[in-house]
Structure formats: C-alpha cells, structure tokens
Undergrad: 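Mind looking over this structure? Questions follow.
The structure presented is a predicted model; accordingly, all values stated were derived computationally and were not measured. We count residues from 1, following the sequence as given.
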Amino acid sequence: MDGTGGNPQAEQNGDDASAESLDRPLPEGVRHRVVTLAADAFGGLTHAELPSQLRPYARFTPNRRAKFAATALAATLEGDPAFRQRIAGKLREAQPELAEALDAGTPPPAVDPLDVAAAAYLLRPPGWVKLVAAAGEEAQRAHDERVGEEAAREVRQLRDELAEVRDQARADALKARADLEGVRKEAEALQRRLRSAASDVKRAEAALRKVEAELEEVRSTAATEKTAADSEARRLKARLTESESALEASRRAVREGRSIEDVRLRLLLDTVLDAAAGLRRELALPPRDMMGVRPADTVDAVKPGAISPKDIARRALSENDPALLDQLLALPQAHLVVDGYNVTKTGYPALPLEKQRLRLLGGLAVLAAQSGAEVTCVFDGADLDAPVLLAPPRGVRVLFSKAGETADELIRRLVRAEPAGRPIVVVSADREVADGVARAGARPVASTLLLKRLARV
C-alpha cells in the first residue's frame with residue numbers, strides 16, 4: 001500500500017502539497033501527536049516495510065515505541081517519504097472521515113487541532129503547512145490561557161491569605177488588650193505586696209540586730225574550735241601521706257597483674273585457633289577454591305541447550321566507569337552478575353541476538369580471567385524461536401530465564417541465594433533491577449560502565 005492508501009484524490013493532493021514545506025520545526029504538541037500516530041500504525045507494517053533504523057523497535061508496544069523511538073520516528077518521517085506515506089495509509093484506514101475532510105480542505109471543527117495538524121503532516125493535503133502552524137498557535141494560546149488562569153488563581157489565593165492575616169491581626173490585638181489589662185491588675189497587686197514587704201523588712205532589721213549579737217558569741221566559740229581543728233588537720237595529713245604510699249604500691253601490683261592477664265589471654269586465643277585448625281582437619285573440609293558447587297549453581301534456571309521455545313522470557317533495558325568496576329571485582333570472592341541483553345542492546349543493538357551473546361560472553365571470559373571473579377551472565381529467553389545451543393566460555397556461567405520468569409527476577413533470585421556480606425556486582429541499566437538488588441545488599445552498576453571496561457579487553 002502506498003502513502004495515500006489508494007485514494008486518487010489524495011494522490012492528486014499529495015502532488016499539489018509536495019511543493020509545500022515547513023519553514024520552522026514542528027510545534028512540540030504536533031510532534032508528539034505525530035510520533036504517537038506513527039507508533040500506533042508501526043505494528044501494522046511488515047518487517048520489510050520498516051526502515052532499518054526502526055527495526056529494533058518492531059516488538060515494542062506502541063507506548064514503549066513512542067517513548068524510546070520518538071526521535072528516530074520523527075527523523076524517519078521527515079526524511080523518508082515512502083515510510084511517511086505507509087504511515088499515512090494506515091491513518092487513512094483508521095480515521096477515514098478525518099482523512100477525507102482534510103483532502104476536501106474542510107477539517108472537522110470538533111476534532112482537536114493538534115490531531116488535525118498531525119494528520120495533515122502525515123497525509124500532506126493542500127494547505128497542510130498552514131494547519132500545522134495554526135495548531136502551534138492554538139497550543140501556544142491554550143498555554144497562555146492556562147498561565148493566566150494560574151496567575152488569577154494565585155492572586156485569589158493571596159487575597160484570601162491577606163484576609164486571614166488581617167483577621168488574625170485583629171484577634172491578636174484584642175488578645176494583647178486583654179493581656180495588658182491583666183498586667184495592670186497584676187501591677188496593682190504587686191504594689192500592695194511591696195508595701196507589705198516594707199513592713200517585713202523593718203521587722204527583719206530588728207531580727208538582724210539580734211542575730212549579730214548571737215553571731216559575735218558564735219565567733220568566739222569558733223576561734224576555740226578552730227584551734228582544735230588545726231590539730232586534727234595535721235593528724236589527718238599524716239594519715240593521707242600513708243594512704244598515698246599504699247595507693248602507689250597497689251597500682252604497681254595492678255600493672256603486674258595486667259601483664260599476667262595478657263599472657264593468659266594470648267594462650268587462650270592460641271588454644272582456640274589450634275582447636276579450629278584441628279576441627280577443620282577432623283571434618284576434612286576442602287579448601288575454598290576446591291568447592292565444586294557455588295550458591296549461584298543452586299538457583300533453578302534454564303541452562304543453554306536445555307530450553308524449549310516456551311521456556312524463556314523477554315526483556316532488556318539500558319547505564320556507566322571502568323576503574324570503579326575493576327575496584328569492585330578486586331574485592332575478595334566478588335561475584336559479577338550481568339543482565340545480558342540489557343548490556344548488548346545498549347552497546348551493539350544492530351547485531352543479531354546470537355552475535356550479541358557471543359560478543360558479550362567473549363569479553364566476559366577475558367574479564368573473568370583478568371579479575372579472578374565469579375561471573376554469571378543472565379539472558380531473557382521467551383522471545384527465542386528455538387533452544388540456544390552454545391558452549392559457555394571458561395569462567396562464565398550462562399543462564400536463561402524460564403517460562404513465566406524474566407531475567408530481572410532470575411537476577412534477584414541469584415542475589416538472594418548468596419550469603420550476606422559477599423560482594424555482589426549486578427550490571428543492568430534497569431532502574432527496578434538496580435533498586436531491587438541494592439535492597440538485597442548487592443552493588444548495581446550501569447551497563448555502559450561494563451561496556452567501557454570490555455572495550456579495554
């Protein structure tokens with residue numbers, strides 16, 4: 001089907017409108033509607049009808065296609081008339097009344113101007129440039145109206161707040177007057193109390209004179225007692241000197257005792273270490289590097305060559321610094337878990353899936369040999385047409401997700417299978433995967449970071 005959908009009038013219109021062109025970029029609102037229409041019509045085209053730069057998005061849903069392929073769609077529609085005409089044909093099939101109205105030069109007044117402008121951009125009837133420009137002006141006018149309404153609403157809100165402040169100020173003034181009246185009454189009460197206190201002072205002065213007489217008598221008694229106290233102080237000072245000598249002797253004894261306790265503690269620690277070594281020999285535990293099974297080997301998953309077309313799930317998304325990855329893999333017993341398709345579709349999406357897998361696994365094998373870390377690469381599987389037959393490279397564990405399970409879920413199960421405290425590095429640009437493994441104790445890194453590191457291999 002050509003771009004006019006087999007409509008002779010539309011073909012004539014298309015020839016007349018071919019000389020027309022935009023002298024400015026599409027208004028943002030019109031561009032968004034054009035991309036949405038193209039994303040919806042995208043799925044109705046065959047693989048051969050799609051331009052090569054848009055084929056990687058063929059299996060995306062319309063919403064994901066409009067989100068991730070917006071720039072590519074817009075550029076292709078502008079630069080590839082054949083592709084635009086195919087999309088226009090799909091639009092004619094989906095909205096024949098709108099297409100006929102545009103061909104006749106009478107756009108329906110009840111239709112959103114942005115939809116009219118987007119359809120005009122794809123169908124290219126006579127005067128389509130004016131329709132697109134009018135939609136931009138209409139969108140700007142609507143934006144200005146919204147701004148004016150928001151400003152008016154803010155003014156009303158400020159006026160309401162000003163009225164509340166005035167009411168609060170009046171209430172505060174009334175409360176201040178009441179408080180002032182209370183303070184005045186309290187001051188009168190204090191004056192009465194002051195006069196009573198003056199009388200009390202006079203009585204206190206009389207009592208003071210009596211106390212001074214008694215104090216003179218006490219001083220004479222104190223002088224006598226002071227002489228006796230001086231004698232007692234000299235006696236206590238002598239006893240203090242004896243106590244200090246005894247304390248010093250006690251401190252020496254404590255220091256000697258502590259050195260003995262250190263020796264006893266060292267002997268006890270050596271005993272425990274010798275007992276642990278004996279227990280290891282008694283249980284015949286193998287060295288750590290000779291253990292045949294790792295925790296990740298116990299996670300239920302589909303290995304290469306053991307899957308059917310039903311036993312696999314689809315998904316891949318897209319993130320980045322080589323020195324950081326080297327430092328993480330240098331940690332003791334580090335385990336690198338890679339979201340395979342997430343990395344390959346970020347680094348080399350144009351390659352077939354088989355070549356994407358082989359290129360990534362080759363780089364991971366070299367990285368595993370250089371770092372000595374345990375490496376597990378996880379792939380989505382449900383999108384495959386046949387089982388994947390490949391020999392995993394040395395040092396790399398390859399797993400595919402089972403039917404009903406995504407690679408993201410398999411990665412989270414691998415992380416949960418590891419003991420707490422082991423360094424686990426998960427490579428994925430998927431935000432949900434990164435947040436999930438981070439809560440489980442793993443360290444997420446971006447796919448672009450691994451790609452940069454593999455570029456040095």
Side-chain angles (χ1 to χ4, degrees), residues 288-289 291-304 306-307 311-322 324-347 356-357 360-361 363-365 367-368 370-383 388 392-393 395-454:
R288 188 167 52 239
D289 57 355
M291 293 190 296
V293 179
R294 295 280 184 162
D297 294 327
T298 65
V299 176
D300 186 19
V302 179
K303 296 183 178 180
I307 31 183
D311 291 335
I312 323 182
R314 77 190 88 186
R315 191 148 166 216
L317 303 167
S318 47
E319 208 181 357
N320 148 40
D321 180 15
L324 173 62
L325 187 59
D326 289 336
Q327 293 178 2
L328 292 172
L329 296 183
L331 295 173
Q333 295 297 314
H335 185 180
L336 177 67
V337 180
V338 180
D339 188 348
Y341 287 143
N342 188 285
V343 175
T344 62
K345 292 189 177 183
T346 299
Q356 290 183 18
R357 290 192 296 268
L360 174 61
L361 293 177
L364 291 178
L367 182 61
Q370 291 176 347
S371 65
E374 180 179 356
V375 178
T376 301
C377 187
V378 177
F379 293 103
D380 274 322
D383 234 4
V388 176
V396 180
R397 179 188 296 106
V398 181
L399 300 177
F400 287 85
S401 59
K402 301 189 303 181
E405 180 185 47
T406 66
D408 301 347
E409 295 167 345
L410 178 55
I411 289 172
R412 284 191 280 268
R413 289 201 295 120
L414 284 167
V415 173
R416 290 195 297 269
E418 295 292 350
R422 184 182 186 185
I424 307 171
V425 181
V426 177
V427 178
S428 176
D430 191 327
R431 190 71 264 165
E432 294 182 4
V433 175
D435 294 342
V437 300
R439 286 193 295 270
R443 170 64 187 268
V445 298
S447 297
T448 52
L449 186 147
L450 177 60
L451 290 168
K452 288 182 178 180
R453 177 59 182 84
L454 294 181

Undergrad: Measure the CZ-CG distance between F400 and L410 for me, rounded to the nearest 0.5 Å.
TA: 11.0 Å
Undergrad: Evaluate the side-chain contact (heavy atoms from CB on, under 4.5 Å) criterion for residues L454 and L360: first the C-alpha distance (whole Å), next the side-chain angles of each, then the deciding distance (0.1 Å), finally the verdict.
TA: CA-CA 9 Å; L454 294 181; L360 174 61; 3.9 Å; yes
Undergrad: Could I get the full list of side chain to side chain contact (heavy atoms under 4.5 Å, CB included) partners for E409, not counting sequence neighbours?
TA: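 E405, T406, R412.
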Undergrad: Do L336 and L328 touch side chain to side chain, with heavy atoms closer than 4.5 Å?
TA: no
Undergrad: Can you tell me how far CG of L325 sits from NZ of K452, rounded to the nearest 0.5 angstrom?
TA: 12.0 Å
Undergrad: Which residues satisfy the salt bridge (charged side-chain N to carboxylate O under 4.0 Å, His left out) test with R422, sequence neighbours excluded?
TA: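 Partners of R422 by the salt bridge (charged side-chain N to carboxylate O under 4.0 Å, His left out) criterion, ordered by chain and then number, come out as E374, E418.
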Undergrad: Is there a side-chain contact between V433 and N342, using heavy atoms and a 4.5 Å cut-off?
TA: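 A side-chain contact is absent here, since even the closest heavy-atom pair is not under 4.5 Å.
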Undergrad: Which pair of non-hydrogen atoms, one from D339 and one from I411, has the smallest distance, and what is that distance?
TA: CB-CD1, 3.7 Å
Undergrad: Taking all non-hydrogen atoms of both residues into account, name the closest pair between G395 and A368 and its distance.
TA: O-CB, 3.7 Å
Undergrad: Step by step, work out the side-chain contact (heavy atoms from CB on, under 4.5 Å) result for L331 and V425.
TA: CA-CA 10 Å; L331 295 173; V425 181; over 6 Å; no
Undergrad: Quick one: are L361 and C377 in side-chain contact, heavy atoms under 4.5 Å?
TA: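 Contact flag for L361/C377 side chains = yes.
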Undergrad: For the atom pair CG (D408) and CG (D430), what is the distance rounded to the nearest 0.5 Å?
TA: 4.5 Å
Undergrad: Can you find a heavy atom in the side chain of V427 that is under 4.5 Å from one in the side chain of L449?
TA: no
Undergrad: Side-chain contact test, heavy atoms from C-beta onward, threshold under 4.5 Å: evaluate it for V338 versus V396 and give yes or no.
TA: no
Undergrad: Less than 4.0 Å between a side-chain N and a carboxylate O, is that true for R439 and D435?
TA: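 Answer for the salt bridge query: no.
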Undergrad: Closest approach of V375 and H335, non-hydrogen atoms and distance?
TA: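 Scanning both residues completely, I find the closest heavy atoms to be N-CD2, 4.4 Å.
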Undergrad: Are the side chains of R443 and L324 in touch, meaning some heavy atoms are under 4.5 Å apart?
TA: yes
Undergrad: Which pair of heavy atoms, one from G340 and one from F379, lies closest together, and at what distance?
TA: CA-CE2, 3.6 Å
Undergrad: Decide yes or no for L450 and L364: does some side-chain heavy atom of the first lie under 4.5 Å from some side-chain heavy atom of the second?
TA: yes
Undergrad: Heavy atoms only: give me the nearest V398-P392 pair and the separation to one decimal.
TA: CG2-CB, 3.8 Å
Undergrad: Checking V299 against L399 for the side-chain contact (heavy atoms from CB on, under 4.5 Å) test, could you report, in this order, the C-alpha distance in whole Å, the side-chain angles of both residues, the deciding distance, and whether it holds?
TA: CA-CA 10 Å; V299 176; L399 300 177; 5.6 Å; no
